[in-house]
Amino acid sequence: MSRTPLIVGNWKMYKTVAETRDFCLRLKDEMAFTKGKQVEVAVAPPFTALSAAAQALRGSFISVAAQDVFWAESGAYTGEVSAKMLTEVGCHFGIVGHSERRQYFHETDVSINKKAAALMKEGLIPILCLGETLSERQGGSTLVVVERQTRQGLKGLAVQDPQKLVMAYEPVWAIGTGQTATPNQAQEVQAFLRKLLAEIFSPNMAEGVRILYGGSVKPENIGELMAMNDVDGALVGGASLEVKSFAQIVRGSISP
Ligand code: PGA
């Protein structure tokens with residue numbers, strides 16, 4: 001089974017509504033080269049700009065992702081946003097478990113699991129992020145950490161269609177640092193994750209689920225990362241904020 005490359009731009013807390021609209025309109029033009037090519041593209045603006053992004057991207061193949069979600073359907077949860085609200089503004093994907101959320105907002109594998117379940121229930125596709133810290137890597141526990149994050153993050157999720165789940169391996173030490181994992185480091189962990197998916201779900205799921213790499217992805221390194229068997233795309237932070245560099249990354253993800 002061949003997996004269609006997926007490139008997602010995680011904007012974090014950048015871009016206003018006006019900037020989002022401008023970016024998305026320019027991105028649509030810039031993406032003309034993808035016509036007839038196998039690639040999927042999404043952008044993840046802040047909550048406030050999701051609707052503007054969806055409107056500006058209407059009629060294009062580019063979809064919209066939320067950067068987070070809350071697990072309850074509704075209720076007294078000041079500041080939170082439900083999966084249904086994300087669907088209403090045009091989201092297709094939802095990122096959960098980003099390391100910045102784990103670090104600054106004390107998210108746990110348990111809360112991340114509930115969020116992934118809430119997205120799936122609503123028909124949205126979770127992009128489950130995981131990855132080890134530098135000290136975990138140096139201590140030799142990378143695979144133990146990502147296994148725990150995967151098993152707990154996916155616990156109890158009944159998913160049979162590999163298109164309904166995306167994983168993102170993002171070593172924490174590579175995020176926003178300019179220090180990308182080597183292609184072999186990414187491949188080692190991502191091949192391991194794929195084996196785990198076979199155990200947790202089925203060989204068919206493992207074969208079909210896209211596993212993205214994230215952490216200082218740039219136009220210069222996307223090619224070598226995508227050359228790895230188990231790297232099916234990228235979750236891009238810094239380099240997704242400029243139309244040109246994001247478009248170059250999309251270009252670099254397409255197989256020749
Ligand atoms: P970066 O961020 O590309 O700026 O390293 C990646 C991410 O946080 O998803």
Side-chain angles (χ1 to χ4, degrees), residues 5-15 19-20 23 27 40-47 49-50 53 62-69 91-107 109 112 115-116 119 125-134 136-137 142 145-146 149-150 153 165-183 185-186 189-190 193 210-226 228 230-253:
L6 170 63
I7 304 295
V8 182
N10 172 17
W11 293 358
K12 313 193 177 185
M13 201 172 72
Y14 290 100
K15 295 197 194 294
E19 288 163 348
T20 297
F23 181 101
L27 184 65
E40 255 188 82
V41 177
V43 292
F47 285 134
L50 288 172
I62 307 161
S63 51
V64 177
Q67 297 177 18
D68 189 25
V69 64
C91 288
H92 184 68
F93 296 101
I95 297 172
V96 290
H98 191 280
S99 72
E100 285 148 19
R101 302 239 26 115
R102 293 179 192 255
Q103 184 183 350
Y104 303 124
F105 305 97
H106 315 296
E107 297 225 11
D109 289 324
I112 291 159
K115 290 179 173 197
L119 289 171
I125 301 169
I127 301 175
L128 174 64
C129 302
L130 46 91
E132 81 287 1
T133 62
L134 185 58
E136 288 164 341
R137 175 161 284 268
T142 297
V145 170
V146 299
Q149 292 172 326
T150 304
L165 174 67
V166 175
M167 307 281 291
Y169 169 55
E170 299 205 301
V172 179
W173 48 271
I175 296 176
T177 59
Q179 194 193 342
T180 319
T182 64
Q185 284 173 324
V189 174
Q190 299 192 197
L193 292 176
R210 264 94 52 98
I211 307 180
L212 315 183
Y213 166 79
S216 300
V217 173
K218 309 181 259 277
E220 300 78 50
N221 57 30
I222 184 69
E224 60 188 29
L225 288 162
M226 291 300 295
M228 297 290 114
D230 291 294
V231 177
D232 307 316
L235 184 54
V236 188
S240 74
L241 294 170
E242 297 289 336
V243 174
K244 288 273 182 240
S245 57
F246 188 56
Q248 275 174 28
I249 290 171
V250 173
R251 199 183 282 274
S253 75

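As the structure lists them, so they are numbered: ligands from 1, and atoms in each ligand from 1.
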Would one find an N or O of Lys12, backbone or side chain, under 3.5 Å from an N or O of ligand 1?
-> yes
Atoms of ligand 1 close to Ser216 [distance to a heavy atom under 4.0 angstrom, numbered from 1] | 1 (P), 3 (O), 5 (O)
Where Ala116 and Pro126 come nearest, the two heavy atoms and their spacing | O-CG, 3.9 Å
Would you mind listing which atoms of ligand 1 come within a distance below 4.0 Å of any non-hydrogen atom of His98?
-> 7 (C), 8 (O), 9 (O)
Chi angles and distances behind the side chain to side chain contact (heavy atoms under 4.5 Å, CB included) call for Val41, Phe246 | CA-CA 10 Å; Val41 177; Phe246 188 56; 3.8 Å; yes
If every non-hydrogen atom of Ser253 is compared with every non-hydrogen atom of Pro5, which pair is closest and at what distance?
-> O-CG, 3.6 Å
Checking heavy atoms under 4.0 Å, the part of Ala174 that sits near ligand 1 is backbone
For ligand 1, does Ile175 get within less than 4.0 Å through its side chain, its backbone, both, or neither, judged by non-hydrogen atoms?
-> both
Can an N or O of Gly237 be found at a distance shorter than 3.5 Å from an N or O of ligand 1?
-> yes
For ligand 1, which atoms sit closer than 4.0 Å to a heavy atom of Gly238?
-> 1 (P), 3 (O), 4 (O)
Looking at Gly215, which atoms of ligand 1 are within less than 4.0 Å of one of its heavy atoms?
-> 5 (O)
Flag the pair Thr142 / Gln185 as yes when at least one side-chain heavy-atom distance between them is below 4.5 Å, and no otherwise.
-> no
How are the rings of Phe23 and Trp11 set relative to one another: parallel (under 30°), tilted (30 to 60°) or perpendicular (over 60°)?
-> perpendicular
Any atoms of ligand 1 less than 4.0 Å from a non-hydrogen atom of Gly176? List them with their elements.
-> 1 (P), 4 (O), 5 (O)
For Ile125 and Val166, work out which heavy atoms get closest and say how close.
-> CG2-CG2, 4.0 Å
Counting only heavy atoms not in Phe47, do more than 12 fall under 6.0 Å of its CZ?
-> yes
Kindly identify the option in Gln179, Glu170, Glu100 whose heavy atom sits closest to atom 7 (C) of ligand 1.
-> Glu170
